[in-house]
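Below, each value reflects all heavy atoms present in this structure, side chains not excepted, and no hydrogens, waters or symmetry copies. Every chain is numbered from 1 and lettered A, B, ... according to where its sequence line falls, protein lines coming before strand lines.
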Amino acid sequence: MTILQEIPSEETFKEPQYPWKKANPSTSLTNSIIVVLPISVFALSFFLTDFPGALLFIVIFLPVQILVAIFATIWGISKKRVGDAVLSVLSLVAFSLVIALMGSVLFSVFSRGLPAISLSFISQNNTYISPTTELDYGGVGHALLGTLMVVAIGMIISVPLGIASAIYITDMKGRLSGFVRFMVQAMSGVPSIVAGLFILAAFILTDVSGFSALTGGLAYSILMLPTVARTAEEVLKLVPKDLRDAAIALGSSRARVIMKIVLPTARTGILTAVILGVARVIGETAPLLLTTSNTNGTNLNPFVDAVSTIPVYIFQFLGSGYPTAINRSWGAAFVLLTTVAILFAIARIVERSTKKG
Amino acid sequence: MESPTPRYFGREKSRTRSDKAFSGSVVVAALSSLFILVAILFYLATSSWPALQKEGFSFITGSTWIGGLDDPSQQVFQIWPMLYGSFLNALLAIIFAVPVSVLLAIFIVFIAPKKIARALTIIVDILAAIPSGIIGIWGFLVFTPVAEGWARLIHQYLGSIPIFVNNQDQFTRSPFITAWVLGIMIVPIITVVAREVLAQTPQDLLDAARGLGGSLWGIVRMVALPHARGGIVGGVMLGLGRALGETVAIYFVLNLIFERVNYYRILDPEGGSVASMIIAKFGEATPEEIQALLGAGLVLFILTLIVNLIANWIVARSARERLV
């Protein structure tokens with residue numbers, strides 16, 4: 001509430017406030033009424049009637065809270081601050097809604113996914129496993145390897161292209177740099193299913209290749225490229241111009257300046273760009289359904305035959321509907337979320353270690 | 001007297017040559033986005049051409065889907081219910097997400113104490129990084145039962161309003177629930193953009209408004225929001241593009257109906273989505289049907305491309321205006 005305090009209201013001109021003094025009893029009374037009254041009305045109506053809580057929250061709690069805030073503002077501060085009170089209440093509601101929804105997503109993945117996790121779940125594959133098999137047997141090992149393989153292929157293709165796009169926009173500043181940035185932005189809007197359909201039409205329907213990790217990686221690279229390029233562009237912009245000028249003044253060629261000065265200086269930022277690109281795609285299901293298909297065994301050959309991945313594993317078992325199968329997909333969701341969390345943790349640690357150094 | 005020729009002249013020349021090779025490869029790599037976009041357009045258009053040609057304009061406007069037959073001449077592929085459904089879902093999601101995101105951005109920039117604002121920024125980033133597959137499984141197994149209760153309540157008390165009519169006594173798998181799940185996915189997208197443009201409100205303007213005794217609400221309404229309007233609209237369009245392209249999460253929470261269009265009854269378990277249709281039909285599709293699905297992908301690609309280009313244009317234009 002910084003702004004509220006900074007702006008002197010009419011009352012503060014009449015009577016200066018001293019923060020070290022004991023709080024004005026009427027102010028603390030106002031504060032407690034603002035907090036206690038809506039909650040107690042809500043609690044009373046919740047226990048005395050049999051309407052569901054969500055309805056009461058919208059119909060009782062919110063209006064009472066807003067009304068109380070309005071009257072408390074008029075009484076305690078100034079009529080002109082009524083808009084502030086409403087804005088504060090509404091934005092706090094938005095804040096709690098987002099926290100509640102995100103908390104619910106994370107909590108359900110943890111509480112339902114964690115019981116499924118065991119060493120065998122992470123290491124075994126899905127051979128001879130039916131949707132009703134108990135969780136002691138079979139797991140996501142093959143899918144984890146498949147996901148790593150597909151993501152690695154996507155990285156190998158998209159990272160050089162993305163960094164080159166960023167170099168072109170920031171360092172070379174060619175005639176087309178505005179156009180390249182425009183194209184990268186246009187590409188960031190390609191839906192994941194369209195990337196999958198494209199690879200399907202260009203490689204699989206034309207019999208260039210069958211379903212394989214390679215085709216999945218190609219589809220992933222289309223989705224990763226814009227993320228990598230945009231993040232790398234932001235990072236390369238931060239490399240001081242002095243460094244470039246000094247290198248050019250020493251007689252370095254442009255290629256040397258970029259390869260030996262600019263990229264090494266920005267290496268941690270570029271790692272962040274790569275990690276953000278991986279995080280963007282690692283949970284994508286739709287393109288893989290069209291390009292890698294699915295299999296129960298472990299397939300380590302990226303060029304031939306279908307391969308299983310974690311998002312497709314979740315999709316497969318969620319679709320079958322049996323309770324044990326659903327537990328499997330929660331377990332796989334937990335593995336996926338943990339992988340994303342580890343990636344972000346690495347990015348943060350790298351970022352922090354370079355700030356110190 | 002002749003000036004001595006610099007000794008490094010030859011090396012300089014070869015350097016320029018390697019420089020040129022380097023620059024050339026960077027340019028080629030930088031233009032890869034263009035190549036890929038053109039290739040997507042080309043391959044989707046050519047491989048779906050037979051289906052598009054056969055159906056003509058009714059591919060988009062018709063509401064019949066007859067596939068899986070041995071006789072290709074009897075198959076009909078028309079996607080209007082799915083196309084309309086995609087827009088309905090996205091529109092509902094935006095109606096839910098825009099107030100939440102803008103209020104959240106105002107809270108982060110103007111109201112919250114610094115520590116909470118920083119934590120919230122990280123939380124929004126985490127929300128943006130949760131894979132859509134996980135939002136899908138959560139929406140299907142955790143959120144649907146809860147939202148079903150909300151839908152029943154709305155129907156019970158507001159059922160006389162046409163959009164809340166439901167005669168099927170089933171409240172799951174409706175556009176209403178889909179919109180919530182999509183909304184959760186696009187809230188972080190809009191919030192990130194809105195927070196950035198709100199935070200760039202010039203300090204002079206804020207100070208001046210405060211000096212004139214403006215209240216927080218007055219500052220937000222008269223200074224910050226007009227200043228950030230372009231950026232926020234652009235962020236909303238980016239969210240719209242994401243909502244149009246979402247596939248698997250919708251596949252689990254929405255009942256796809258191919259034969260008729262559910263125009264406005266958002267609590268009915270009937271809806272459509274172009275992207276989800278592709279997944280739903282792909283498994284057992286005949287070769288002709290796959291051509292039609294590629295055509296649906298082409299329509300989706302063009303739509304999202306247009307939405308995204310408009311969004312980026314609005315964001316860029318408002319950024320220029322801010323600089324001036």
I need the A/Ser188 OG to B/Asn312 CG distance, nearest 0.5 Å.
6.0 Å
Under a 4.5 Å heavy-atom cut-off, does chain B meet the side chain of A/Leu161, its backbone, both or neither?
both
With a 4.5 angstrom heavy-atom cut-off, is it the side chain or the backbone of B/Phe282 that approaches chain A, or both, or neither?
side chain
Given a strict heavy-atom distance threshold of 4.5 Å, which part of B/Val248 is in contact with chain A: side chain, backbone, both, or neither?
side chain
Pairwise distance OG(A/Ser91) to CD1(B/Ile111) - rounded to 0.5 angstrom:
3.5 Å
Segment of A/Val340 engaging chain B (4.5 angstrom heavy-atom cut-off):
side chain
B/Leu305, part contacting chain A, at a heavy-atom distance under 4.5 Å
side chain
Heavy-atom distances under 4.5 Å only: say whether B/Ile290 touches chain A with side chain, backbone, both or neither.
side chain
Taking side chain as everything from C-beta outward and backbone as N, CA, C, O, which of these in B/Ala316 sits under 4.5 Å from a heavy atom of chain A? Side chain, backbone, both or neither.
neither
Quick check for you: among A/Val194, A/Val105, A/Leu336, A/Ile99, which has the greatest number of heavy-atom pairs under 4.5 Å with chain B?
A/Val105
Counting only heavy atoms closer than 4.5 Å, note whether B/Val187 contacts chain A via side chain, backbone, both or neither.
side chain
Under 4.5 Å from any heavy atom of chain B - which part of A/Leu97:
side chain
Quick check for you: among A/Ile314, A/Ile258, A/Val109, which has the greatest number of heavy-atom pairs under 4.5 Å with chain B?
A/Ile258
Below 4.5 Å from any heavy atom of chain B, which atoms of A/Ile199 appear? Answer side chain, backbone, both or neither.
neither
Give the member of A/Gly283, A/Pro226, A/Ala85 that has the highest number of heavy-atom pairs under 4.5 Å with chain B.
A/Gly283
Heavy-atom proximity to chain B below 4.5 Å, by part of A/Ser293:
neither
Using non-hydrogen atoms and a 4.5 Å limit, figure out which bit of B/Ser23 sits close to chain A: side chain, backbone, both or neither.
both
I'd like to check B/Ile130 versus A/Met102 (side-chain heavy atoms, cut-off strictly below 4.5 Å). Are they in contact?
yes
Of the backbone (N, CA, C, O) and the side chain (C-beta and beyond), which part of B/Leu153 lies under 4.5 Å from a heavy atom of chain A, both, or neither?
side chain
Counting neighbours of CZ on A/Phe182 that are heavy atoms of other residues, nucleotides or ligands and sit closer than 6.0 Å, is the number greater than 12?
no
Please determine, among A/Ala202, A/Ala279, A/Ala229, the option with the most heavy-atom pairs under 4.5 Å with chain B.
A/Ala202
Ignoring hydrogens and angles, tell me if any N or O in the side chain of B/Asn308 forms a donor-acceptor pair with the backbone of A/Met187 under 3.5 Å.
no
By a 4.5 Å heavy-atom criterion (distance strictly below it), what part of B/Phe22 contacts chain A: side chain, backbone, both, or neither?
side chain
Can you tell me which portion of A/Arg280 sits under 4.5 Å from chain B's heavy atoms? Options are side chain, backbone, both or neither.
neither
May I ask you to name which of B/Ala296, B/Gly245, B/Gly241, B/Ala30 has the most heavy-atom pairs under 4.5 Å with chain A?
B/Ala30
Quick check for you: to the nearest 0.5 Å, what is the distance between B/Leu44 atom CG and A/Leu197 atom CG?
6.0 Å
Kindly state whether the ring of B/Phe252 and the ring of A/Phe315 have centres lying under 6.0 angstrom apart.
yes
Measure distances from A/Leu176 to the heavy atoms of chain B and classify the residue's part below 4.5 Å as side chain, backbone, both or neither.
side chain
Please state whether the side chain, the backbone, both or neither of B/Leu34 comes within less than 4.5 Å of a heavy atom of chain A.
both
Once rounded to the nearest 0.5 Å, what's the spacing between atom OG of A/Ser165 and atom CG of B/Leu31?
8.0 Å
Given side chains that start at C-beta, do those of B/Leu103 and A/Leu87 come closer than 4.5 Å, heavy atoms only?
yes
Against chain B, work out which of A/Val180, A/Ile169, A/Val86 has the most heavy-atom pairs shorter than 4.5 Å and name it.
A/Val180
Under 4.5 Å to a heavy atom of chain A? For B/Val124 that would be neither
Is A/Ile163 in contact with chain B via its backbone, its side chain, both, or neither, using a 4.5 Å heavy-atom distance?
neither
Spacing of OG belonging to B/Ser47 relative to CZ belonging to A/Phe198, to within rounding of 0.5 Å:
10.0 Å
B/Leu309 versus chain A, heavy atoms under 4.5 Å apart: side chain, backbone, both or neither?
side chain
By a 4.5 Å heavy-atom criterion (distance strictly below it), what part of A/Leu101 contacts chain B: side chain, backbone, both, or neither?
both
Just wondering, do B/Val142 and A/Arg112 contact through their side chains at under 4.5 Å, heavy atoms?
yes
Chain A shares the most heavy-atom pairs under 4.5 Å, among B/Tyr251, B/Phe143, B/Phe42, B/Trp180, with B/Tyr251
Measuring heavy-atom distances to chain B, does A/Leu290 have an atom under 4.5 Å in its side chain, in its backbone, in both, or in neither?
both
Top contributor to chain A interface from B/Leu300, B/Thr304, B/Ile134, B/Val100 [non-hydrogen pairs under 4.5 Å]
B/Ile134
If you measure from CD on A/Gln185 to OG on B/Ser33, what distance do you get to the nearest 0.5 Å?
10.5 Å
Between A/Phe95 and the options B/Ile123, B/Leu104, B/Ile108, the side-chain contact (heavy atoms from CB on, under 4.5 Å) test singles out B/Leu104
Atom CH2 of B/Trp313 with >12 non-hydrogen neighbours under 6.0 angstrom
no
Judged by atom type as modelled, is there a donor-acceptor pair below 3.5 Å linking the side chain of B/Asp19 to the main-chain atoms of A/Ser253?
no
A/Ser329 versus chain B, the contacting section by heavy-atom distance below 4.5 Å:
both
Could you check which of B/Val28, B/Ile137, B/Leu37, B/Thr191 has the highest count of heavy-atom pairs closer than 4.5 Å to chain A?
B/Ile137
Looking only at heavy atoms, which two atoms of B/Trp138 and A/Ser104 are closest? And how far apart?
NE1-OG, 2.8 Å
Could you check which of A/Pro311, A/Gly83, A/Ala255, A/Gly189 has the highest count of heavy-atom pairs closer than 4.5 Å to chain B?
A/Ala255
Do B/Leu294 and A/Leu205 make a side-chain contact, defined as non-hydrogen atoms from C-beta onward lying under 4.5 Å apart?
yes
Is A/Leu225 close to chain B through its backbone or its side chain, or both, or neither, when contacts mean heavy atoms under 4.5 Å?
side chain
Check whether more than 12 heavy atoms from other residues, nucleotides or ligands sit under 6.0 Å from atom OH of B/Tyr157, and answer yes or no.
yes
Atom group of B/Leu293 that falls short of 4.5 Å from chain A, counting heavy atoms:
backbone
